[in-house]
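Since the structure comes first, as structure tokens, the remarks are kept for the end.
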Amino acid sequence: MEPAQDCLSDVTDEALLVAYGNGDREAARALTLRLAPRLYAHAVRMLADPAEAEDVTQEAMLRLWRIAPQWRQGEARVSTWLYRVVVNLCTDRLRRRRGVGLDGIDEPQDERPGAERRLLDQARARALSDALAELPERQRMAVLLRHIEGLGNPEIAEIMDISVEAVESLLARGKRALARILADRREELGYEDV
Amino acid sequence: MRMSDGNRRNGREAGSSIGGSSGRAPGRALGEAELELFFEAARSQAPEPPSRLMARILADAEGALAAPAAARATRRRPSLPALVGRVLGGWPALAGLSAAAVAGLAIGLGAPETVEGVAVAVLSDGGEAAAGWTLETLADGWAGYGSLWEEG
């Protein structure tokens, strides 16, 4: 599929969903371009398996299409609802396959000259991914939603169906654990002078 | 390799450790700013969804739109007997109604004998004939109903 612009960028997710529920196919396209990449990235980070992340993303979007005609406006943000579905689907899959690491992720290759910074970013992202895999599932989820997806704590609380205080606690413990784990990579990733 | 400019700007935070002491790491735990560099790197390396996934999602959207329309198309208007049956409460109710109709018809056919007898008695000349009309006359008329009921 060719990259496409979200030509309805001024329209809210909810308005697009209502339009889709009324038969507007262009609204479905705009919602897909806007939301699917975020869901997919989150699912890949949670599951460490691109193929499974595809299935989860497709399933979440399918549930959105099906609920569109009955969507009750003003009750929840579409993105929050979708993240919640993705989180639940990822949790189900993780519980079915305990103990699988992140080795399945392909290392992106970049052979362009002058890509030193990019390579460093790849190494850091890889190190973070490995470190996240060592966290308990709920801590990993909270850290990803907060620090990678950039969501606020109240929204994360809604997605994870816990209190804001519980989110703060998960984040604090998760970041403490990451900081300890990544300290092992300090020299490798260029933090020896810090 | 040295710390990036972004990390230098946050040098104060970078110096503050998040993890504190730990049994597993030989070195000091990373500071907030150091950890943030890892998050930045991860954000910049977001996995891109493959085009086949986007195509599948859009196909699902198309299918979900078509499904309710197809369901509406296959939902036919009910026939008149079916509609009557549904309004009255289905076949059990219709059977009861039919039995009541047959009984009503039988009563209607059996009634003239008695009514005729009474009418003749009442309408015949003078009080004698009227006086001749007794309960027995009526009882004789009702005997016809007994036979009707026995016949079903």
Side-chain angles (χ1 to χ4, degrees), chain A residues 1-2 20-21 23 25 28-29 31-33 36-41 44-45 50 53-54 57-58 61-62 64-66 68-69 105 108 118 120-129 131-132 143-144 147-148 150 172 175-184 186-187 189-194, chain B residues 1-8 10-69 71-72:
Chain A
M1 178 183 296
E2 294 174 9
Y20 165 74
R25 288 161 172 79
R29 184 174 177 78
L31 275 173
T32 302
L33 291 172
R38 291 162 60 190
L39 302 178
Y40 173 74
V44 169
R45 289 177 176 126
E54 279 188 46
T57 306
Q58 186 180 3
M61 292 300 292
L62 179 59
L64 183 69
W65 304 140
R66 285 178 176 160
I105 297 183
R118 184 179 295 270
L120 177 61
D121 276 350
Q122 285 176 5
R124 286 175 180 161
R126 174 75 177 179
L128 179 64
S129 184
L132 282 166
V143 169
L144 283 173
H147 293 284
I148 306 298
K175 286 170 68 179
R176 267 201 305 273
L178 285 178
R180 283 197 303 271
I181 297 166
L182 290 169
D184 289 348
R186 184 188 299 275
E187 188 171 345
L189 294 171
Y191 293 100
E192 69 275 16
D193 293 336
V194 177
Chain B
M1 187 177 298
R2 290 184 176 272
M3 190 167 55
S4 72
D5 290 344
N7 206 10
R8 286 184 195 285
N10 297 301
R12 187 170 54 80
E13 290 88 346
S16 61
S17 164
I18 297 176
S21 62
S22 164
R24 61 167 290 158
R28 175 176 52 80
L30 267 59
E32 284 275 359
E34 288 174 312
L35 199 51
E36 180 55 35
L37 286 180
F38 281 87
F39 291 140
E40 277 181 18
R43 286 193 292 269
S44 73
Q45 301 289 315
E48 293 284 333
S51 56
R52 64 173 179 273
L53 171 63
M54 304 299 268
R56 290 207 311 257
I57 290 172
L58 288 174
D60 284 346
E62 187 71 26
L65 272 185
R72 279 195 301 274

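No experiment lies behind these values; they were computed from the predicted model shown. By convention in this document, chain letters (A, B, ...) are assigned in the order of the sequence lines, proteins followed by strands, and residues within each chain are numbered from 1.
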Exercise. Do B:E34 and A:R124 meet the salt-bridge criterion of a basic N to acidic O distance under 4.0 Å?
Worked result: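 Salt bridge between A:R124 and B:E34, a charged N being under 4.0 Å from a carboxylate O: no.
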Exercise. Given the options A:Q58, A:M61, A:R38, A:R66, which has more heavy-atom pairs under 4.5 Å with chain B than any of the others?
Worked result: A:Q58
Seminar exercise, completed: Counting heavy-atom pairs under 4.5 Å with chain A, the top scorer among B:A61, B:A46, B:P50, B:A41 is B:A61
Exercise. What residue, out of B:S44, B:P47, B:A42, has the most heavy-atom pairs lying under 4.5 Å from chain A?
Worked result: B:P47
Exercise. In terms of ring plane angle, is the pair A:H147 and B:F39 parallel, tilted or perpendicular, where the classes change at 30° and 60°?
Worked result: parallel
Problem set entry | Evaluation steps, side chain to side chain contact (heavy atoms under 4.5 Å, CB included), between A:W65 and B:L65 | CA-CA 8 Å; A:W65 304 140; B:L65 272 185; over 6 Å; no
Exercise. Can you find a pair of side-chain heavy atoms, one from A:T32 and one from A:R29, that are under 4.5 Å apart?
Worked result: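 In short, these two side chains do not touch, never coming nearer than 4.5 Å.
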